[in-house]
Amino acid sequence: KNMNIRNIEDKVLLINQLNYRGNKINIYLTTNKNINLYDLEKLCDSVGWVRRPFKKVKIAIEHSFLIISLFHIKDNSNILIGFARATSDHAFNATIWDVVVHPDFQGKGLGKILMDQIIQQLKYADITTITLFADPQVIMFYKNLGFLADPDGIKGMFWYPH
């Protein structure tokens, strides 16, 4: 049956018995905004992202429309292995940010699952336009998920403080 994952308080089992380093582990998904910021920083470090101030990351998460985390459980603690968030005007538009999967878990379809879940949740919320910014090395990943480089030429513009 089709289950809206937001109704699940804690977590939903996403992948049963994934092979990982000779062990079988379960991968869970949660939409809980109660993220351990140290775990998130470690995850972002694992893919070489520039560090951001905790205070700002915390605010960004609190103000996000949707948060999705992927984790497995080891020695009774949650090990964060994937994360993505979306901001939205709650009516028409949403933008997906900070899509990250730990290198040990890349190439197993988790990034696609993460994106499918975010898109499903946004569609469920009746959001019709979903945007994101992609670094050159991940453009094909997003194209394969149905994202288009701006079909009408470049509409995206940026303002940065000088």
Side-chain angles (χ1 to χ4, degrees), residues 1-21 23-49 52 57-74 77-135 137-150:
K1 67 184 191 213
N2 194 355
M3 189 172 359
N4 176 10
I5 57 177
R6 281 186 188 208
N7 295 336
I8 297 169
E9 274 308 301
D10 195 12
K11 63 186 185 234
V12 60
L13 178 62
L14 198 61
I15 300 175
N16 193 13
Q17 303 290 291
L18 177 83
N19 276 316
Y20 174 65
R21 295 186 173 167
N23 297 312
K24 298 235 185 273
I25 61 170
N26 293 334
I27 307 284
Y28 298 93
L29 177 149
T30 182
T31 55
N32 191 324
K33 286 187 180 182
N34 234 338
I35 302 282
N36 180 316
L37 296 179
Y38 292 96
D39 292 349
L40 182 57
E41 183 175 72
K42 259 182 15 195
L43 177 60
C44 294
D45 284 350
S46 77
V47 293
W49 287 2
R52 302 181 289 185
V57 172
K58 187 177 185 328
I59 293 167
I61 289 169
E62 284 167 3
H63 289 272
S64 292
F65 180 74
L66 174 64
I67 299 285
I68 294 188
S69 302
L70 302 181
F71 62 94
H72 69 96
I73 299 169
K74 185 180 175 186
S77 59
N78 294 351
I79 311 296
L80 186 66
I81 59 166
F83 177 86
R85 68 185 184 92
T87 52
S88 178
D89 60 11
H90 296 247
F92 303 104
N93 307 292
T95 302
I96 297 172
W97 305 96
D98 301 337
V99 179
V100 57
V101 173
H102 192 283
D104 289 355
F105 292 89
Q106 290 176 9
K108 300 180 189 299
L110 293 178
K112 182 185 185 320
I113 290 169
L114 196 55
M115 290 297 296
D116 287 346
Q117 290 295 335
I118 273 213
I119 291 164
Q120 191 181 316
Q121 291 295 307
L122 293 172
K123 279 171 39 183
Y124 183 82
D126 203 24
I127 304 290
T128 49
T129 303
I130 302 171
T131 56
L132 56 77
F133 298 93
D135 291 328
Q137 67 273 21
V138 290
I139 286 174
M140 279 318 296
F141 169 75
Y142 292 113
K143 278 191 172 172
N144 290 336
L145 295 174
F147 284 85
L148 306 171
D150 189 342

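Excluded from the calculations below are hydrogen atoms, water molecules and symmetry mates; all remaining heavy atoms, backbone and side chain alike, are included.
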- With side chains defined as the heavy atoms from C-beta onward, is the minimum distance between I68 and R85 less than 4.5 Å? no
Residues V47 and V101: closest non-hydrogen pair is CG1-O, 3.6 Å
In I61, L114, D39, the residue satisfying side-chain contact (heavy atoms from CB on, under 4.5 Å) with F83 is I61
Between V99 and A84 the two heavy atoms that sit nearest each other are CG2-CB, 3.9 Å
Query raised in the report: Between K143 and L148, is a side-chain contact (heavy atoms from CB on, under 4.5 Å) present by the stated rule, with each step listed?
Result: CA-CA 6 Å; K143 278 191 172 172; L148 306 171; over 6 Å; no
Contact between I96 and M115 at the side-chain level, heavy atoms closer than 4.5 Å - yes or no? yes
Rounded to the nearest 0.5 angstrom, the CD-CG distance for Q17 and N23 is 10.0 Å
Looking only at heavy atoms, the pair that brings L110 and F105 closest together is CD1-CB, 3.7 Å
Between A134 and I139 the two heavy atoms that sit nearest each other are CB-CG1, 4.0 Å
Quiz item: Short question: side chain of N93, backbone of D89 - any donor-acceptor pair under 3.5 Å?
Solution: no
Distance col, row I118:CD1 vs F65:CZ, nearest 0.5 angstrom, shows 10.5 Å
Rounding to 0.5 Å, atoms CD1 (I113) and NZ (K108) come to a distance of 12.0 Å
Any donor-acceptor pair under 3.5 Å linking the side-chain atoms of S69 with those of T30? no
One should read off an interatomic distance between L37 CG and N34 CG, to the nearest 0.5 angstrom, of 9.5 Å
With a 4.5 Å limit on heavy-atom distance, are the side chains of F71 and I79 in contact? no
Tightest non-hydrogen contact, residues N32 and I67, listed as O-CG2, 4.0 Å
Q. Does any non-hydrogen side-chain atom of L40 lie less than 4.5 Å from one of V57?
A. yes
TODO: Measure the shortest side-chain to side-chain distance between L18 and N26 over non-hydrogen atoms and say whether it is less than 4.5 angstrom.
DONE: no
Minimal heavy-atom distance between T87 and W97, with the atoms involved, is OG1-NE1, 2.9 Å
One should read off an interatomic distance between F141 CZ and D135 CG, to the nearest 0.5 angstrom, of 12.5 Å
Exercise. Any side-chain heavy atom of D98 within less than 4.5 Å of one from R52?
Worked result: yes
Given 3.5 Å as the limit, does a donor-acceptor pair link the side chain of K74 with the main chain of I25, or not?
no
Heavy atoms from other residues, nucleotides or ligands near NZ of K123 exceed 12 (cutoff 6.0 Å)
no
Taken to the nearest 0.5 Å, the spacing of T128 OG1 from F92 CZ works out to 7.0 Å
Side chains of Y28 and I81 in contact at under 4.5 Å (non-hydrogen atoms)
no
Where does the angle between the aromatic ring planes of Y20 and H72 fall among parallel (under 30°), tilted (30 to 60°) and perpendicular (over 60°)? tilted
